[in-house]
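Nothing here was measured: the structure is a model prediction, and the numbers come from that model.
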Amino acid sequence: MNLTMAVITITIALSMILAIVSFWLPQMNPDHEKLSPYECGFDPLGSARLPFSLRFFLVAILFLLFDLEIALLLPLPWGDQLASPLLTLVWATAVLVLLTLGLVYEWLQGGLEWAE
């Protein structure tokens, strides 16, 4: 009981200290860039109807897709401790083969070319 109360007290005290410091620590003098309504790298003084590069968004979506699929392999070290580690290896190999085939398909279709 004593250890539980000590942990709860320390947790609450640390949380309160961090919350108070987070209100005092930041600088309160924002510059022109921070007051600008656009913070995405585009000039806010130009037209809002400028065309975007579709190729850029395609490459970004492909990166996110492959990056999230690789996250499926993160539990692999813990899967080796299951009753059947061979089944885990088969599933991991299937995911990697599928990712490799998808990458080859995008490469052959020209989806990874930055400039035409």
Side-chain angles (χ1 to χ4, degrees):
M1 184 70 180
N2 227 357
L3 180 64
T4 306
M5 289 303 293
V7 169
I8 290 174
T9 305
I10 290 171
T11 304
I12 290 174
L14 187 61
S15 299
M16 294 296 286
I17 290 171
L18 289 176
I20 291 170
V21 168
S22 71
F23 283 113
W24 286 339
L25 193 59
Q27 296 177 358
M28 294 301 173
N29 51 357
D31 58 354
H32 176 69
E33 294 294 325
K34 287 295 182 183
L35 292 176
S36 171
Y38 301 102
E39 291 187 10
C40 59
F42 295 103
D43 186 16
L45 302 177
S47 172
R49 303 286 183 228
L50 292 175
F52 293 107
S53 171
L54 187 60
R55 179 74 59 188
F56 173 77
F57 288 110
L58 178 64
V59 171
I61 293 297
L62 286 174
F63 171 75
L64 288 175
L65 178 72
F66 285 109
D67 191 41
L68 290 176
E69 293 297 327
I70 290 296
L72 291 174
L73 297 174
L74 288 177
L76 187 61
W78 291 279
D80 288 342
Q81 299 172 2
L82 295 175
S84 174
L86 184 63
L87 183 63
T88 305
L89 182 63
V90 167
W91 279 109
T93 305
V95 168
L96 284 175
V97 166
L98 186 64
L99 283 175
T100 305
L101 289 175
L103 180 64
V104 168
Y105 175 76
E106 286 296 328
W107 194 342
L108 292 177
Q109 293 295 319
L112 300 177
E113 296 293 327
W114 189 256
E116 294 181 22

Give me the atom names and distance for the closest heavy-atom approach of Ser22 to Ala19.
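Here Ser22 and Ala19 meet closest at OG-O, 2.7 Å.
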When clusters are formed by joining ILVMFWY residues with side-chain heavy atoms under 4.5 Å apart, either directly or through shared neighbours, do [X] and [Y] land in the same one?
| X | Y | result |
| --- | --- | --- |
| Leu87 | Leu96 | no |
| Leu58 | Phe66 | yes |
| Val97 | Trp91 | no |
| Leu73 | Leu62 | yes |

Is the shortest side-chain heavy-atom distance between Leu103 and Leu99 below 4.5 Å?
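No, side chains not in contact.
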Got a second to check how far Thr93's OG1 is from Leu98's CG, nearest 0.5 Å?
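Going from OG1 on Thr93 over to CG on Leu98, the span is 12.5 Å.
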